[in-house]
Amino acid sequence: MNHGSALSPPDLANAVTSFATIFAGASTYLLCRFAGRQPWRWERAYLALLLTGFPTLGWHGWQLEAWRVADVGTNLILAYALQLAVLGDFYPRRAQQVGAVVLGGINAAGIGQLFREAYTGQAPYVLQFGSFGGFQLGELVLIFDSLTVFALFVHSRQAIPARALPLLRVMTVVFLCGLLLATAAGTTVHARVLSYHALWHIVGAFGFIFLWAMNHMRFAADNGTRNTEPVTVEPLSDR
């Protein structure tokens, strides 16, 4: 083994657990193929998850700036795919179009910021938690995206079958755990084995498995067909 190129234990944990993201993307897509098809907008999101796992591995394994841009950038693409999928499930065409433009612009700006950081060589923390960690701007956009997906689901909960709602609650818990873990820096480790960023990879991977399961319960009709048309959700004020 070449010790000169060896990763530190936290970085090694982050790199190895990147495979969990890759496997989650591959698993959810294959489950759609063999356990029940879902609308293309969701299968596209699972493929985006598979895609983002590779630059995640590259960033943590080789720690080159180009890999960091690709890592966060593909995460933003994944989040945008999730936003479009939820909009396509529950919201009318006009809302889908407006959402696609507005959310696409926000994510494009986030990706543009990543390239700017790579060009200037400066990627400061916008929100910092001292030695524990913090968030750069691209990561804050990703958190905004995740909150948007969560809010779109919650606003549409009356259109979700009752049997799938427990999985939405599980996903909520998984999301909150992931958010807490993501606040730590990649090298933050407590109690010898609590490598927060690596745990975030694992928790996120299981979160997507639960997401697939919830969607499977929503789309799997008794006759084996699936719903491909959006279910319009009335405004909260009208309920």
| said: Do Gln63 and Trp67 make a side-chain contact, defined as non-hydrogen atoms from C-beta onward lying under 4.5 Å apart? | reply: no
Return a table of donor-acceptor pairs under 3.5 angstrom between the side chains of residues 195-211 and protein atoms on other chains or two or more places apart.
from	atom 1	to	atom 2	distance (Å)
Tyr196	OH	His190	ND1	2.8
His197	NE2	His60	NE2	3.2
His197	NE2	His201	NE2	3.3
His201	ND1	Asn14	O	3.3
His201	ND1	Thr17	OG1	3.0

| message | Please list all pairs meeting side-chain hydrogen bond (donor to acceptor under 3.5 Å, both in side chains) that have one or both residues in residues 46-56, counting only residues at least two apart or in different chains. | response | Gln38-Tyr46, Tyr46-Asn215, Thr52-Thr74, Thr52-Asn75, Thr56-Asp71
| request: Check whether any side-chain heavy atom of Leu57 lies under 4.5 Å from a side-chain heavy atom of Phe19, and answer yes or no. | output: yes
| Any side-chain heavy-atom pair from Phe150 and Val86 closer than 4.5 angstrom? | no
| remark: Residues Leu82 and Trp42: closest non-hydrogen pair is CD2-CZ3, 3.8 Å
| said: For a 4.5 angstrom cut-off between non-hydrogen side-chain atoms, does Val98 reach Tyr91? | reply: no
Just list the side-chain donor-acceptor pairs under 3.5 Å for residues 171-182, sequence neighbours left out, or say none.
from	atom 1	to	atom 2	distance (Å)
Thr172	OG1	Leu168	O	2.9

| message | Quick check on the hydrophobic clustering: are Tyr125 and Leu76 connected, directly or via other members, by side-chain heavy-atom contacts under 4.5 Å? | response | no
| query | Is a side-chain donor or acceptor of Arg157 paired with a backbone partner of Leu165 at a separation under 3.5 angstrom? | reply | no
| Hey, does Arg37 have a side-chain heavy atom less than 4.5 Å from the side chain of Glu43? | yes
| task | Can you see which heavy atom on Gly186 is nearest to which on Pro10, and at what distance? | result | O-CB, 3.9 Å
| Expected output: side-chain Thr188 to main-chain Phe132 donor-acceptor under 3.5 Å | yes
| request: Might you confirm whether atom CZ of Phe135 has over 12 heavy atoms from other residues, nucleotides or ligands at distances under 6.0 Å? | output: yes
| note | Nearest heavy-atom contact between Glu139 and Val72 is N-CG1, 4.5 Å
| Is any side-chain heavy atom of Val141 less than 4.5 Å from a side-chain heavy atom of Gln113? | no
| Looking at side-chain heavy atoms only, is the closest gap between Ile77 and Ile111 below 4.5 Å? | yes
| message | For Ala35 versus His216, what's the shortest heavy-atom pair and its separation? | response | O-CE1, 3.0 Å
| same_hphob_cluster(Ile22, Leu30) at 4.5 Å side-chain heavy-atom cutoff | no
| note | Correct closest heavy-atom pair for Ala164 and Met217 would be CB-CB, 4.1 Å
| So which pairs with a foot in residues 107-121 pass salt bridge (charged side-chain N to carboxylate O under 4.0 Å, His left out), sequence neighbours left out? | Arg68-Glu117
| Nearest heavy-atom neighbours spanning Ala162 and Pro166 | O-CD, 3.3 Å
| message | Let me check something: do Leu51 and Tyr29 share a hydrophobic cluster, defined by ILVMFWY side-chain heavy atoms less than 4.5 Å apart, either directly or through other members? | response | no
| message | Checking Gln128 now: which residues fulfil side-chain hydrogen bond (donor to acceptor under 3.5 Å, both in side chains) with it, not counting sequence neighbours? | response | none
| Going only through I, L, V, M, F, W and Y residues with side-chain contacts under 4.5 Å, is there a path from Met214 to Leu84? | yes
| remark: Contacts satisfying salt bridge (charged side-chain N to carboxylate O under 4.0 Å, His left out) that involve residues 187-216 (not counting sequence neighbours) are none
| Chi angles and distances behind the side chain to side chain contact (heavy atoms under 4.5 Å, CB included) call for Asp145, Tyr80 | CA-CA 7 Å; Asp145 286 339; Tyr80 184 53; 5.8 Å; no
| query | With a 4.5 Å limit on heavy-atom distance, are the side chains of Phe90 and Leu152 in contact? | reply | no
| From Asp89 atom CG to Arg218 atom CZ, the distance as rounded to the nearest 0.5 Å | 4.5 Å
| query | Would you say Phe129 has more than 12 foreign heavy atoms packed within less than 6.0 Å of its CZ? | reply | yes
